[in-house]
Number of protein chains: 2
Amino acid sequence: MTVREQLLAAAARVYAEAGYRGATTRRIALAAGVNEITLFRHFGSKETLLHEAIARAGAEIESGELPEIPVDPVRELTRWARAHLAHMRDRRALIRTCMGEMEEHPGIISSIDKPPVRAAMALAGYLRRLRDGKLAAARFDEQVAATMLMGTLFGDAMGRDMMPEMFTRSTDASLREYVRLLLRGIGVAVDQADDT
Amino acid sequence: MTVREQLLAAAARVYAEAGYRGATTRRIALAAGVNEITLFRHFGSKETLLHEAIARAGAEIESGELPEIPVDPVRELTRWARAHLAHMRDRRALIRTCMGEMEEHPGIISSIDKPPVRAAMALAGYLRRLRDGKLAAARFDEQVAATMLMGTLFGDAMGRDMMPEMFTRSTDASLREYVRLLLRGIGVAVDQADDT
DNA sequence: CCTGCTTGCAAGCACCTACTTGCACAATTT
DNA sequence: AAATTGTGCAAGTAGGTGCTTGCAAGCAGG
């Protein structure tokens with residue numbers, strides 16, 4: 001691991017837990033195990049370093065794919081939602097910090113806010129395919145339904161450690177119920193025992 | 001408005017848009033239109049002031065009530081969700097900042113995180129009453145269903161200005177669709193035109 | 001009229017911030 | 001063997017931070 005990469009990783013880590021102002025060049029250099037001056041020689045300024053570090057951290061995205069031709073909605077959607085939820089949960093500190101500072105540092109969030117938009121698009125497309133394939137019988141707006149599931153997963157990823165009293169069931173049990181509720185909501189026949 | 005109240009209001013405002021470190025005593029005093037020394041004479045320290053200011057801002061809560069005996073689920077739930085969403089949306093800057101700093105300043109969030117828990121409890125109770133009153137026919141976990149709607153509203157309140165591409169429908173149209181999807185998900189008969 | 005009480009002003013303290021310069025040392029490359 | 005490169009160390013810049021002290025001005029109630 002080169003010094004540059006150590007600095008980028010340390011910068012993302014320190015930023016996630018301390019924010020822009022809290023991520024001082026001393027702390028980042030200490031976390032990276034290099035001298036503070038080396039930081040400036042590599043990146044010139046704190047701003048440059050943080051922008052590059054967060055853009056790199058936000059680019060690490062690959063939420064699972066949704067099938068082009070739906071066959072088993074409960075299984076397919078549960079699998080996708082589980083991957084998406086785990087992904088958000090792993091990055092919750094970074095996401096929270098970015099959200100809290102988006103008004104003060106709007107340039108930083110631009111590297112983070114695209115993945116969820118793409119995920120919502122993919123999900124909406126899948127829900128539309130469910131309807132077109134006569135698997136979902138109700139009339140519904142697939143964009144809004146996709147936003148609903150995304151918001152639910154987002155709320156779970158952000159809220160479960162902040163407000164544990166609100167989450168009585170386990171992550172996985174909740175997840176399966178989310179999917180069941182949504183699918184029933186768009187008119188998919190759901191039998192209780194079917195999950196994975 | 002006394003000097004104390006001006007300082008508390010200004011502190012909450014500045015904190016919401018700049019965070020703990022960004023809410024310097026000079027900025028707060030300037031925003032309140034008083035001298036910086038007056039701030040210290042009243043509150044002794046920045047920490048004391050911010051704690052009191054945020055506790056006060058978080059205490060301003062009154063999300064609408066849900067009826068004890070459900071009659072018209074779509075109407076009642078839409079009304080409640082609209083009030084709740086508007087409330088979160090109005091306070092989104094403060095909520096975002098608190099979330100971003102909850103790991104660094106855990107004491108601050110303790111004044112903010114109770115209202116949503118109470119709201120989720122009230123909502124879960126209402127959904128249970130729907131089921132007990134035979135208005136909701138499906139088998140479902142009312143806690144998880146309540147968390148789902150709360151997460152959806154939270155995601156809408158936080159995400160609509162951050163990722164406008166994700167929200168194609170208006171706030172109110174989305175809201176009505178959220179409620180419809182959830183109610184159909186728990187087995188309530190929903191006719192398309194019924195909303196308010 | 002005078003006595004508290006609140007407030008503002010000027011100045012300053014010690015500390016932290018991002019960032020710079022100059023020099024020395026080592027490894028790698030030429 | 002020489003030169004380039006990357007790094008660390010010491011020192012220092014100018015500015016912002018929370019917070020303190022001393023003193024004067026206003027404004028109320030006795």
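So that the names make sense, note that chain A is the first sequence line, chain B the second, and so on, each numbered from 1.
Listed pair His42(B) / dT6(C) fails the phosphate criterion, with no side-chain N or O lying under 4.0 Å from OP1 or OP2. Note on Asn35(A): every side-chain N or O is 4.0 Å or more away from OP1 and OP2 of dT7(D). For the OP1/OP2 pair of dT17(C) and a distance below 4.0 Å, the side-chain nitrogens and oxygens of Arg26(A) include at least one atom meeting the criterion. Contact annotation: Thr38(B) does not reach the phosphate of dT7(C) (side-chain N/O to OP1 or OP2, under 4.0 Å).
The residues Arg79(A) and Asp72(A) are annotated as not salt-bridged, no charged nitrogen and carboxylate oxygen being separated by less than 4.0 angstrom.
Counting to the nearest Å, the P atom of dT21(C) and the CG atom of Leu39(A) are 16 Å from each other. If you take CZ of Phe40(B) and P of dC9(C), they are 16 Å apart, rounded to a whole angstrom. As a whole-Å value, the separation of Gln6(A) CD from dT7(D) P is 9 Å. Across the protein-nucleic acid pair, Lys46(A) atom NZ and dA18(C) atom C1' stand 8 Å apart, rounded to whole Å. For the pair Met1(A) CE and dT7(D) P, the interatomic distance rounds to 14 Å; values are reported in whole Å. Residue Phe43(A) contributes atom CZ, which lies 13 Å from atom P of dC19(C) at whole-angstrom precision. Atom-to-atom, CZ of Arg4(B) to P of dC5(C) comes out at 17 Å; the value is rounded to the nearest Å.
A donor-acceptor contact shorter than 3.5 Å links the side chain of Lys46(B) to the backbone of Ala23(B).
Applying the ring pair (Phe, Tyr, Trp, His ring centres under 6.0 Å) criterion to Phe154(A), with sequence neighbours excluded, gives Phe154(B). Listed by chain and residue number, Asp141(B) satisfy the side-chain hydrogen bond (donor to acceptor under 3.5 Å, both in side chains) test with Arg169(A) (two or more places apart in sequence, or in another chain).
Which of dA18(C), dG8(C), dG18(D) sits closest to the side chain of Val34(B) comes down to dG8(C). For Glu36(A), whose side chain is taken as the heavy atoms from C-beta onward, the closest listed nucleotide among dT17(C), dC19(C), dT7(D) is dC19(C). Of the candidate nucleotides dC19(C), dC9(D), dT7(C), dT7(C) has the atom nearest to the side chain of Arg41(B).
Evaluated for a salt bridge (charged side-chain N to carboxylate O under 4.0 Å, His left out) with Glu17(A), the options Arg92(A), Arg96(A), Arg27(A) yield exactly one hit, Arg27(A).
Evaluation of atom-type donor-acceptor distances gives no pair under 3.5 Å for the side chain of Arg27(B) against the base of dG16(D).
Looking at heavy-atom distances under 4.0 Å, Ala23(B) makes contact with sugar-phosphate atoms alone, never a base. Looking at heavy-atom distances under 4.0 Å, Arg21(A) makes no contact with the nucleic acid at all.
With DNA chain C read from its 5' end, the first of the two nearest nucleotides for Ile37(B) and Glu47(A) is the one closest to Ile37(B).
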